[in-house]
Amino acid sequence: MNFTKFPTNLSKTEIKAVCNHLKGLKIPDISLPAQNGNLLRLSRTETFRLVIYCFPMTGHPDKLLPKNWNKIPGAKGCTLQTCSFRDNYNQFILNNSLPIGISTQSVEDIKEMTIRLKIPYDILSDQQLKFTESLKLPTFSVENKKFIKRLTLIIEKSVIQHVFYPILQPEKHIDEVLDWLSKN
């Protein structure tokens with residue numbers, strides 16, 4: 001499959017259909033390690049909403065990106081997206097929600113990124129693909145490693161209420177998430 005451009009034979013409806021099965025789905029009782037190594041349970045019944053944004057990976061200053069990474073649709077922009085969620089953290093709280101990032105990166109890489117970027121919320125490692133496979137999230141592979149395609153789930157009392165997919169402009173995605181939260 002060619003990951004350098006979106007298929008031209010698919011409509012926006014067909015692309016979005018990849019995640020149609022998610023809305024209304026109950027989050028499985030899975031815990032994933034956060035940047036500090038502690039496990040965080042994702043199936044929760046608190047009154048606040050979880051905004052789980054999945055992203056392929058953020059770059060590491062001491063490691064090369066996978067070959068042709070910036071040419072893969074949806075791969076570039078993870079750091080920008082994470083920083084936009086960080087910069088709007090208070091807006092999430094005001095909208096009775098909490099952002100959580102999920103990537104297939106290692107806990108060590110996530111820890112480095114959260115310290116370097118001063119992320120005030122949890123970023124989880126789904127390196128074992130437990131969350132990704134249980135929800136049948138869209139993925140792509142590069143250099144024999146599987147990555148989650150960029151998407152955002154709004155979860156209330158363990159049920160997925162809304163799905164943002166595809167996300168074509170990660171730097172602007174924060175606006176549509178905050179707009180949805182303020183209206184719902």
Side-chain angles (χ1 to χ4, degrees), residues 1-25 27 42 49-60 64-89 91-92 95 97-105 109-110 113-114 117 119 121-126 129 131-143 145-156 160-184:
M1 178 174 229
N2 181 354
F3 292 111
T4 60
K5 57 185 172 186
F6 283 106
T8 55
N9 61 336
L10 295 178
S11 68
K12 283 186 177 185
T13 304
E14 289 171 310
I15 292 170
K16 287 184 178 200
V18 171
C19 290
N20 279 352
H21 68 284
L22 294 170
K23 190 170 180 186
L25 199 64
I27 293 295
L42 294 171
R49 295 177 283 197
L50 294 180
V51 178
I52 297 180
Y53 71 99
C54 301
F55 59 96
M57 68 174 276
T58 56
H60 188 292
L64 293 175
L65 291 172
K67 187 177 179 178
N68 295 317
W69 184 258
N70 290 332
K71 293 181 181 177
I72 300 169
K76 185 177 177 179
C78 299
T79 301
L80 283 173
Q81 182 182 12
T82 297
C83 289
S84 70
F85 275 60
R86 174 201 66 199
D87 295 346
N88 287 278
Y89 180 74
Q91 287 301 117
F92 283 102
N95 281 295
S97 60
L98 183 67
I100 296 174
I102 296 181
S103 170
T104 57
Q105 290 177 272
D109 283 346
I110 289 171
M113 180 266 295
T114 57
L117 299 177
I119 305 301
Y121 53 86
D122 286 317
I123 304 287
L124 308 180
S125 171
D126 193 18
L129 301 170
F131 185 74
T132 302
E133 290 178 353
S134 69
L135 290 176
K136 297 181 177 88
L137 298 179
T139 61
F140 65 95
S141 296
V142 176
E143 298 175 2
K145 179 161 174 33
K146 206 174 251 191
F147 297 92
I148 308 170
K149 289 187 178 181
R150 188 185 316 278
L151 64 105
T152 299
L153 307 172
I154 310 290
I155 301 164
E156 191 169 356
I160 300 172
Q161 301 297 320
H162 191 75
V163 179
F164 292 95
Y165 180 83
I167 299 168
L168 303 176
Q169 294 181 302
E171 70 283 1
K172 296 180 179 180
H173 177 55
I174 188 69
D175 297 329
E176 60 185 348
V177 171
L178 292 175
D179 183 57
W180 191 93
L181 288 171
S182 70
K183 292 176 180 175
N184 295 280

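By convention here, the first residue in the shown sequence is residue 1. These figures come from a predicted structure and were not determined experimentally.
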Give me the atom names and distance for the closest heavy-atom approach of G77 to P170. O-CB, 3.7 Å
Calculate, to the nearest 0.5 Å, the distance between atoms CD and CG belonging to E143 and L65 respectively. 9.5 Å
As an exercise, state the distance from CG of L151 to SG of C19, rounded to the nearest 0.5 Å. 5.0 Å
Residues in side-chain contact (heavy atoms from CB on, under 4.5 Å) contact with H60, at least two apart in sequence or another chain: D62, K63, D109, E112
Drop me the distance from I174's CD1 to Q169's CD, to the nearest 0.5 angstrom. 14.0 Å
Does the structure place the NZ or CZ of K149 under 6.0 Å from the centre of the six-membered ring of F147, at an angle of no more than 45° from the ring's axis? no
Between D126 and L129, is there a donor-acceptor pair closer than 3.5 Å when you use the side chain of the first and the backbone of the second? yes
Just checking F92 against Y121, ring centres under 6.0 Å apart? no
Quick check against the 3.5 Å criterion: does Q91 have a side-chain atom that pairs as donor or acceptor with the backbone of L178? no
Are the side chains of I154 and L181 in touch, meaning some heavy atoms are under 4.5 Å apart? yes
With heavy-atom distances below 4.5 Å as the criterion, would you say the side chains of I27 and L135 are in contact? yes
Would you find a donor on one side and an acceptor on the other, under 3.5 Å apart, between the side chain of T104 and the backbone of K146? yes
Stepwise side chain to side chain donor-acceptor pair (under 3.5 Å) test for H173 and S84: CA-CA 8 Å; H173 177 55; S84 70; over 6 Å; no
Please check if the side chain of R86 supplies one atom and the backbone of L117 the other of a donor-acceptor pair under 3.5 Å. yes
Quick one: CG on L42 to CD1 on I52, what's the gap to the nearest 0.5 Å? 5.0 Å
Begin from the C-alpha positions of T82 and I119 and carry the test side-chain contact (heavy atoms from CB on, under 4.5 Å) through to its verdict. CA-CA 8 Å; T82 297; I119 305 301; 3.5 Å; yes
Geometric class of the Y53/F55 ring pair [parallel <30°, tilted 30-60°, perpendicular >60°]: parallel
Taking C-beta and beyond as the side chain, do L137 and F131 meet within less than 4.5 Å on heavy atoms? yes
Can you tell me how far CD1 of I155 sits from CD of Q161, rounded to the nearest 0.5 angstrom? 9.5 Å
Main-chain N/O of R49 paired with S97 side-chain donor or acceptor, under 3.5 Å: no
C78 to P56 - nearest heavy-atom pair and separation: SG-CD, 3.4 Å
Hey, are the side chains of F85 and V51 touching, using non-hydrogen atoms and a 4.5 Å cut-off? yes
Which atom pair, heavy atoms only, marks the closest approach of T79 to G59? OG1-N, 4.0 Å
How long is the span from the CD1 atom in I100 to the CG atom in D122, to the nearest 0.5 Å? 6.0 Å
Ring centres under 6.0 angstrom apart (W69, F140): yes
Quick one, L153 and L22 - any side-chain contact, counting heavy atoms below 4.5 Å? yes
Can you list every pair that meets salt bridge (charged side-chain N to carboxylate O under 4.0 Å, His left out) and has a residue in residues 170-179, with sequence neighbours left out? D179-K183
Nearest heavy atoms of P66 and V142, plus distance in Å: CB-CG1, 3.6 Å
Where do Q81 and R150 come nearest, in terms of heavy atoms and distance? OE1-NH1, 2.6 Å
Under the side-chain contact (heavy atoms from CB on, under 4.5 Å) rule, what do Q105 and T58 come out as? Steps first, then yes or no, please. CA-CA 8 Å; Q105 290 177 272; T58 56; 3.6 Å; yes
Heavy-atom pair of closest approach, residues L124 and I110: O-CD1, 3.4 Å
